[in-house]
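Model, not experiment: these values are computed from the prediction. Heads up: numbering here begins at 1 and tracks the sequence.
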Amino acid sequence: QVQLVESGGGLVQAGGSLRLSCAASGRTFSSYGMGWFRQAPGKEREFVSAINWTGGSTYYADSVKGRFTISRDNTKNTLYLQMNSLQPEDTAVYYCAARFYSDISYSSSSYDFWGQGTQVTVSS
């Protein structure tokens with residue numbers, strides 16, 4: 001069992017930056033593939049970014065490519081999402097997720113554990 005707790009969300013003006021963190025419990029964090037998803041009001045949850053178990057392979061949604069960076073620190077059991085050049089359309093609840101398989105996936109159905117989410121609001 002893995003418990004995930006996100007933090008770092010908040011209110012920021014357009015063009016600003018935020019860094020989200022996801023603290024994971026459990027001794028096997030380093031073996032999990034990890035991902036970030038987001039859900040805006042009235043919309044379905046969508047993929048943002050994913051990273052493999054070593055951190056050596058990453059994948060991004062086209063909408064965030066070049067602006068967001070996913071990373072992980074397996075010594076701290078923590079996943080990160082650095083978000084730069086934020087835009088109002090990035091406003092959403094952001095969720096981190098973990099999957100038993102160590103590789104990358106952009107499909108939410110392939111993830112086994114989810115955090116409670118953290119709100120990101122970008123004002124124009």
Side-chain angles (χ1 to χ4, degrees):
Q1 191 78 5
V2 176
Q3 290 187 327
L4 304 171
V5 180
E6 301 97 335
S7 61
L11 173 64
V12 64
Q13 290 187 332
S17 299
L18 285 174
R19 188 175 83 154
L20 304 184
S21 298
C22 174
S25 66
R27 293 173 291 179
T28 57
F29 171 80
S30 61
S31 67
Y32 290 115
M34 300 293 296
W36 287 99
F37 293 78
R38 67 186 182 186
Q39 187 167 18
K43 295 187 177 181
E44 294 187 351
R45 187 172 299 186
E46 66 173 0
F47 169 77
V48 174
S49 184
I51 191 168
N52 74 333
W53 69 287
T54 66
S57 183
T58 59
Y59 187 70
Y60 298 92
D62 288 343
S63 58
V64 306
K65 198 174 298 181
R67 300 187 297 124
F68 291 11
T69 302
I70 190 172
S71 62
R72 66 190 297 165
D73 186 339
N74 288 340
T75 66
K76 296 181 179 180
N77 280 12
T78 303
L79 175 73
Y80 302 100
L81 185 68
Q82 177 67 44
M83 306 186 294
N84 298 328
S85 300
L86 283 161
Q87 299 302 315
E89 52 266 34
D90 295 315
T91 295
V93 177
Y94 283 71
Y95 299 89
C96 72
R99 61 195 301 264
F100 286 119
Y101 291 99
S102 59
D103 60 350
I104 285 177
S105 174
Y106 57 82
S107 172
S108 61
S109 62
S110 71
Y111 286 82
D112 303 288
F113 305 102
W114 293 82
Q116 83 291 348
T118 185
Q119 176 70 48
V120 172
T121 303
V122 185
S123 64
S124 58

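- Scanning both residues, Ser123 and Pro88, for their nearest heavy atoms gives C-CG, 4.5 Å.
- Linking ILVMFWY residues whenever their side-chain heavy atoms come closer than 4.5 Å, directly or via other members, leaves Ile70 and Phe37 in distinct clusters.
- At least one side-chain heavy atom of Thr91 sits less than 4.5 Å from a side-chain heavy atom of Gln119.
- Judged by the 6.0 Å and 45° rule, Arg67 forms no cation-pi pair with Tyr60.
- Taking the side chain as every heavy atom from C-beta outward, Val120 and Arg38 never approach each other to under 4.5 Å.
- Here the OG-CG distance, from Ser21 to Leu81, works out to 9.5 Å after rounding to the nearest 0.5 Å.
- Considering only residues two or more places apart in sequence or on other chains, Phe113 meets the ring-ring contact (aromatic ring centres under 6.0 Å, His included) condition with Phe100.
- Residue pairs satisfying the salt bridge (Lys or Arg N to Asp or Glu O under 4.0 Å) criterion with at least one member in residues 95-123, sequence neighbours excluded, are listed as follows: Arg99-Asp103.
- The closest donor-acceptor contact from the side chain of Asp90 to the backbone of Ala14 lies at 3.5 Å or more, if one exists at all.
- By the criterion of side-chain heavy atoms lying less than 4.5 angstrom apart, applied directly or through intervening Ile, Leu, Val, Met, Phe, Trp or Tyr residues, Tyr80 is not grouped with Met34; the two fall into different hydrophobic clusters.
- Within the 4.5 Å cutoff, the side chain of Gln82 has heavy atoms near those of the Asn84 side chain.
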Before giving the answer on side chain to side chain contact (heavy atoms under 4.5 Å, CB included), spell out for Val12 and Met83 the whole-Å C-alpha distance, their side-chain angles and the decisive distance to 0.1 Å. CA-CA 11 Å; Val12 64; Met83 306 186 294; over 6 Å; no
Under the side chain to side chain contact (heavy atoms under 4.5 Å, CB included) criterion, do Trp36 and Phe68 qualify, and how do the steps go? CA-CA 11 Å; Trp36 287 99; Phe68 291 11; over 6 Å; no
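- Residues Gly33 and Tyr111 come closest through the heavy atom pair O-CE2, 4.1 Å.
- A donor-acceptor pair is defined here as one N or O able to donate and one able to accept, closer than 3.5 Å; such a pair exists between the side chain of Gln87 and the backbone of Ser85.
- Asn77 contributes atom CG, which lies 8.0 Å from atom OG of Ser25 (distance to the nearest 0.5 angstrom).
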Quick one: do Asn52 and Ser102 satisfy side chain to side chain donor-acceptor pair (under 3.5 Å)? Show the steps, please. CA-CA 6 Å; Asn52 74 333; Ser102 59; over 6 Å; no
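- Of the possible polar contacts, none joining the Gln39 side chain to the Ala92 backbone as a donor-acceptor pair under 3.5 Å is found.
- With no hydrogens or angles considered, no side-chain donor-acceptor pair links Ser107 and Ser105 at under 3.5 Å.
- Both Ile51 and Leu18 are assigned to one and the same hydrophobic cluster, defined by single-linkage of ILVMFWY side chains at heavy-atom distances under 4.5 Å.
- Taking hydrophobic clusters as Ile, Leu, Val, Met, Phe, Trp and Tyr residues chained together by side-chain heavy-atom distances below 4.5 Å, Tyr32 does not share a cluster with Trp53.
- Closest heavy-atom contact between Val2 and Ala24: CG1-CB, 4.3 Å.
- For Glu6 (side chain) and Leu20 (main-chain N/O), no donor-acceptor pair under 3.5 Å exists by modelled atom type.
- Under the 4.5 Å side-chain heavy-atom criterion for ILVMFWY residues, no single connected hydrophobic cluster contains both Tyr95 and Leu79.
- Counting heavy atoms from C-beta outward, Asn74 and Phe29 have side chains that approach closer than 4.5 Å.
- The heavy-atom pair separating Leu4 from Cys22 by the smallest distance is CB-SG, 3.8 Å.
- Ring planes of Tyr59 and Tyr106: tilted class, angle from 30 to 60°.
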